[in-house]
Q: 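Pasting in a structure now, in structure tokens, and then I'll have a few things to ask.
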Amino acid sequence: MTIKKFNISCITVCMVTAFMAANLFAAAPTSSESELSAAPSAASSEKSPNVIFVEKLQDALSSNDIQSAIALFENLPASLESDTDLKLLHASILLSAGDYSKAKTLNNELLASNSDNIEALELAAQIAIASKNKTDEKTALNALLAKNPNNPTANIIKGNQQALKKKYKLAKNYYLKALTGDSTNLEAIFGYAQMSYYTDNLDEAKRYFQRLLELDPYNAQAYAYMGKLAADDENYYEAIIQINKALELDPNNYDYYIDLGQYKRYTGKFKEAEVAWSKAISIDPNYFLAYTYRAGLYDEQNMFKEALADYHKIIETNPKYYYSWEEIGILEFHLGNWAGARNAFLKANSIFNSTAYQLMVILTYLKENNLFKAKEYAQLAMKPLDRNSLDYKIIRLFHDQGGVNAENAIMKDLDKETDKNKRGKMMYYFAMYFDLKGMNQIAREYFVKIQKMQSPMFFEYRLAEWGMEQ
């Protein structure tokens with residue numbers, strides 16, 4: 001929810017409603033209650049130009065026809081030409097249409113006649129933000145805060161700026177000031193609730209999102225966050241209820257379907273999770289996130305063909321996402337597609353240099369019985385490494401194809417390695433060295449050791465699982 005969109009909406013609705021009330025009241029003849037009931041058609045048939053204009057304006061804005069609304073101002077009734085509030089409304093509509101120059105010119109006319117016009121100053125800040133004019137933005141915000149340090153619009157703008165910088169505590173303070181200025185400001189309530197969520201003040205976040213829904217029961221974002229809060233408590237069934245409420249109000253929201261898929265996944269409803277993520281993909285097929293979740297779901301169910309297709313879509317939509325190349329490499333290696341696995345690990349390594357990826361490339365060559373290529377690549381991989389490092393010794397072992405002394409040295413280094421994940425990774429490659437030599441029992445012993453590790457954070461763990469199945 002952007003400030004610009006929210007404020008324009010408020011200004012438009014409130015002003016048009018005010019004009020309707022004022023002009024209809026002015027047009028109504030003074031009559032007794034009995035006279036009005038006796039001749040209801042007379043008053044309605046004698047509408048003033050002002051009422052006709054405002055009704056047409058309201059119709060145009062209600063149907064989102066901004067250009068028609070702007071065109072109406074070209075034939076503005078003479079009696080409304082000097083109306084300050086109407087000029088402000090005109091400027092806000094121009095801003096909504098993206099005509100920043102005309103919006104600024106009209107708004108500046110208002111400020112020239114009354115520099116204390118708070119609504120015009122607030123609109124000046126919005127115009128400056130939309131047109132990326134930092135100087136005008138600073139001037140308008142300073143003027144607003146000088147008049148009222150708790151001005152809601154100024155503090156919401158500053159809160160949004162800090163939120164974009166991920167300075168959530170600072171943002172939260174600005175939203176709190178905005179609420180001090182207007183305790184029912186919906187955007188300030190949302191901002192404060194959201195920052196409370198980001199700073200792990202979950203009870204406070206829940207309280208303010210509930211407050212927002214009391215004031216605005218059709219706020220889809222609030223329901224979505226109530227879903228997140230329920231999920232944080234591992235109450236996934238309640239999370240599903242809340243996100244479905246959000247989707248009823250905003251049925252084409254990509255992020256909401258991502259959340260729905262996650263909650264369905266956590267309740268074990270894999271097919272429904274797949275449907276949710278597929279819906280997100282249909283909404284925006286050029287964004288990678290839904291493919292990532294769906295690929296993981298397919299992968300988990302051993303639907304490798306479908307998972308591979310999604311991992312490739314991730315690469316299409318986010319070429320620098322090396323993790324997807326890693327997953328492609330793992331699956332292709334498991335399926336025995338050595339060339340496909342090698343290409344994937346080479347791609348991954350080109351984005352994020354890793355000894356593990358280089359070792360997997362060497363393994364694919366050895367799986368093809370191409371010792372020459374394996375040695376050639378191993379020589380390149382060893383060059384930048386410290387000769388005393390475990391990484392170097394493992395690669396050198398594959399390059400030299402053995403040596404009892406080299407094997408014994410690596411065994412000792414593995415025992416001394418304090419980084420659990422590093423030790424697990426290197427045990428896998430050591431196991432594969434024996435596996436390729438046909439020494440399956442030794443390889444299996446290392447696979448078993450890897451399987452006994454708790455909370456593994458390395459992809460070789462999965463390869464070791466498959467290695468034990470062979």
Side-chain angles (χ1 to χ4, degrees), residues 1-15 17-18 85 88 92 95-96 116-130 136-230 232-233 242 245-246 249-250 255:
M1 177 171 60
T2 63
I3 304 174
K4 174 184 160 186
K5 181 178 179 182
F6 182 86
N7 282 350
I8 289 170
S9 173
C10 284
I11 291 171
T12 302
V13 172
C14 294
M15 286 188 175
T17 301
D85 289 338
L88 188 65
S92 73
L95 170 59
S96 184
D116 292 328
N117 187 319
I118 298 299
E119 289 81 5
L121 282 171
E122 289 177 340
L123 189 55
Q126 303 290 5
I127 294 168
I129 291 170
D136 285 356
E137 178 188 335
K138 184 177 180 180
T139 299
L141 290 179
N142 287 343
L144 286 168
L145 293 171
K147 295 178 186 304
N148 178 10
N150 296 320
N151 177 274
T153 296
N155 280 290
I156 287 169
I157 290 171
K158 285 186 168 290
N160 288 349
Q161 290 170 342
Q162 295 303 322
L164 286 173
K165 298 175 184 176
K166 298 186 178 180
K167 295 181 178 179
Y168 301 133
K169 288 185 179 179
L170 283 175
K172 186 178 177 183
N173 289 336
Y174 281 118
Y175 293 129
L176 183 59
K177 285 186 177 182
L179 287 172
T180 302
D182 178 4
S183 63
T184 60
N185 186 292
L186 299 182
E187 192 170 10
I189 295 172
F190 176 82
Y192 188 80
Q194 187 183 48
M195 294 308 106
S196 296
Y197 179 81
Y198 287 165
T199 54
D200 290 326
N201 295 303
L202 302 186
D203 289 339
E204 195 169 29
K206 185 175 182 179
R207 185 165 65 253
Y208 275 85
F209 281 124
Q210 287 174 332
R211 171 64 174 156
L212 181 57
L213 288 170
E214 289 171 6
L215 295 170
D216 179 13
Y218 300 103
N219 192 303
Q221 286 181 301
Y223 285 118
Y225 271 97
M226 291 297 285
K228 291 180 186 292
L229 288 163
D232 285 341
D233 285 337
Q242 296 298 329
K245 288 180 181 179
L249 296 166
D250 189 359
D255 293 333

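These numbers were taken from a predicted model, which means no experiment stands behind them. Counting begins at 1 with the first residue of the sequence.
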Q: Mind checking whether Leu212 and Tyr225 have side chains closer than 4.5 Å, heavy atoms only?
A: no

Q: Once side chain to side chain contact (heavy atoms under 4.5 Å, CB included) is applied, do any residues pair with Asn201, and if so which ones, sequence neighbours excluded?
A: Lys172, Ser196, Thr199, Glu204

Q: Roughly how far apart are Arg207 CZ and Leu202 CG, rounded to 0.5 Å?
A: 11.5 Å

Q: If I take atom OG1 from residue Thr184 and atom CD from residue Glu214, how far apart are they, to the nearest 0.5 angstrom?
A: 12.5 Å

Q: Rounded to the nearest 0.5 Å, what separates atom CD in Gln210 from atom CE in Met226?
A: 4.0 Å

Q: Closer than 3.5 angstrom, by distance alone: can the side chain of Tyr198 be matched with the main-chain N or O of Lys167 as a donor-acceptor pair?
A: no

Q: Is a side-chain donor or acceptor of Asn155 paired with a backbone partner of Pro149 at a separation under 3.5 angstrom?
A: yes

Q: Looking at every heavy atom in both Asp250 and Ala220, which two are closest together, and how far apart are they?
A: CB-CB, 4.0 Å

Q: Does Tyr175 use its side chain to pair, donor to acceptor, with the backbone of Asn160 at less than 3.5 Å?
A: yes

Q: Let me know which of Asp136, Asn142, Leu141 forms a side-chain contact (heavy atoms from CB on, under 4.5 Å) with Lys138.
A: Asn142

Q: Say you draw a straight line from OH of Tyr192 to CG of Asn173; how long is it, rounded to the nearest 0.5 Å?
A: 8.0 Å

Q: To the nearest 0.5 Å, tell me how far Asn185 CG sits from Ile156 CD1.
A: 4.0 Å

Q: Side chains of Phe209 and Phe190: does their closest heavy-atom pair fall under 4.5 Å?
A: yes

Q: Working to the nearest 0.5 Å, report the span between CG of Asp233 and CG of Leu229.
A: 7.5 Å

Q: Within the 3.5 Å criterion, strictly below it, is a donor on Asn151 or Glu122 matched to an acceptor on the partner's side chain?
A: yes

Q: Under the criterion side chain to side chain contact (heavy atoms under 4.5 Å, CB included), I'd like the reasoning laid out for Asn219 against Leu186: C-alpha separation, chi angles, the key distance, then a yes or no.
A: CA-CA 10 Å; Asn219 192 303; Leu186 299 182; 5.6 Å; no

